[in-house]
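One structure below.
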Amino acid sequence: MNTQISDNLYQRAVNIMPGGVNSPVRAFGAVGRNPLFIEKAKGSKIYDVDGNEYIDYVCSWGPGILGHAHDEVIEEVMKAVSDGLTFGAPTKKEVILTELVSELMPSMEMVRLVSSGTEAVMSAIRTARGYTGRDKIIKFKGCYHGHSDGLLVKAGSAALTTAVPDSAGVPRSYTENTLIAYYNDKDSVRELFEMNKGQIAAIIVEPVAANMGVVLPQEGFLEFLREITLENDALLIFDEVITGFRLGLDGAQGYYHITPDLTTLGKIIGGGMPIGAYGGKKEIMQMVSPVGPVYQAGTLSGNPVATAAGIKTLDILKNNPLFYQELDKKAKRIVAAITERAKLMDKEIKVNQIGSLICSFFTKENVVDYQSAVSSDTKEYAKYFNEMLEKGIYLAPAQFEAMFVSVAHSDQDIRKTCEAILSTTIDK
Ligand SMILES: *Cc1c(COP(=O)(O)O)cnc(C)c1O
């Protein structure tokens, strides 16, 4: 594999951008090599600047459910571009997209468009606080909700107390109102409600956690979160930035039949362009300015080019509901190959999969939360990643990320991927 042009670009990049990247997940530090610089992508394939071709399972970390540069999406984007890039005034496309989102996810009676998932979550939490008049929120260890100050937290030294910043530059006072519970652990949530009676505005959760690898909610966990929030007059926020339109047209809330009070979206909703959205019950969303007292704004919010890509992407998904079963089938073929490989090894691999989200953990433990996720042997993952890359399969360059299957992955792509998995070196 020749990566000389990528390597040269990387040398320039590290001098001008921190780590040579504009988002840390793009760095290849965890797998011990320089990142590849991408020139173009089409369908299931991604091409680096040295002309290497890969079957891509990162899919831009989630947006690419239709694969790259889908013809119909590109056509809509081109049309939108020629009509003007931004107006700072309302457009018909914003109405169409928000109506479409609300139709697909009925819990989102009212929707506000923003420009990223981070912004959506930050704004949803502000809205929940404004609505309830309370300051504290509960988040789960290992769930990621973007990089806003109050959510970059880790558990304090005494577990189940106030969180402390997990990033330099975040004042302690900004995380004082964030409480940490453990995913799939009802008692940890109960305890926080008991210790903070009448003070919790909301629980925010990834209904399927997909930022500590892929971790599924155990039976009854999401139902429990719905119940305990109702009992305590707190709101339930589903962060569906990854799961929205990925587990199905109605996201994880449709998959598990739970109605959250607020939902945040990102990634797929922009079809590859920058959009985020938050929404929920009308009564709650009417807290948002200019109707209500919760301030939130954005120069490029509901951008006409981004909404064009989003509308087309959601339209295609809506008109092809069978896509979701096909994605699940493809993912299960990959899981079978990983499991087959695991059988040939002494080391165990645990694979978590739901629909088009897959993660293989190099561990004996069933992965049900952050603690069990980090029991995975990351060196083993790095080795696997590098071997797969050499075979033309582009996986996430870190263990704790999902493998994303797209509609564009063909039978042949999946077959090639399974063959690659089975031909990786097996250490006994
Ligand atoms: C990616 C992600 C975010 C942040 O979205 P950005 O568009 O990267 O700001 C928030 N929540 C979840 C669950 C995500 O996966």
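Indexing begins at 1, ligand by ligand and atom by atom, following the structure's order.
Considering only non-hydrogen protein atoms, atom 8 (O) of ligand 1 sits nearest to T118 OG1, 4.5 Å. Nearest protein heavy-atom contact of atom 7 (O) of ligand 1 is G117 N, 2.9 Å. The nearest heavy-atom contact from the protein to atom 11 (N) of ligand 1 is D239 OD2, 2.7 Å. What sits closest to atom 2 (C) of ligand 1 on the protein, heavy atoms only, is K267 NZ, 2.6 Å.
Each of the atoms 13 (C) of ligand 1 lies under 4.0 Å from some heavy atom of E206. Each of the atoms 7 (O), 9 (O) of ligand 1 lies under 4.0 Å from some heavy atom of S116. For ligand 1, the atoms lying closer than 4.0 Å to a non-hydrogen atom of I242 are 15 (O).
Here the two rings, on F140 and F221, have centers that are under 6.0 Å apart.
By the criterion of a heavy-atom distance under 4.0 Å, the side chain of N211, and not its backbone, is placed next to ligand 1. Under 4.0 Å from ligand 1, the heavy atoms of H145 that appear belong solely to its backbone.
In this structure, CD1 in I334 is found 7.0 Å from CD1 in I338, a value given to the nearest 0.5 Å. To the nearest 0.5 angstrom, N177 atom CG is 6.5 Å from K136 atom NZ. One finds the CG atom of L395 at 10.0 Å from the CG atom of N386 (value rounded to the nearest 0.5 Å).
Around the OH atom of Y370, the shell of radius 6.0 Å holds no more than 12 heavy atoms that belong to other residues, nucleotides or ligands.
Under 3.5 Å, the side chains of T243 and E240 contain a donor-acceptor pair of N or O atoms.
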**OP:** Go through D83 and K79 one step at a time and tell me if the salt bridge (Lys or Arg N to Asp or Glu O under 4.0 Å) criterion holds.
**Re:** CA-CA 7 Å; D83 285 339; K79 264 195 255 168; over 6 Å; no
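The heavy atom nearest to atom 12 (C) of ligand 1, considering only F238, W61, Y144, is found in Y144.
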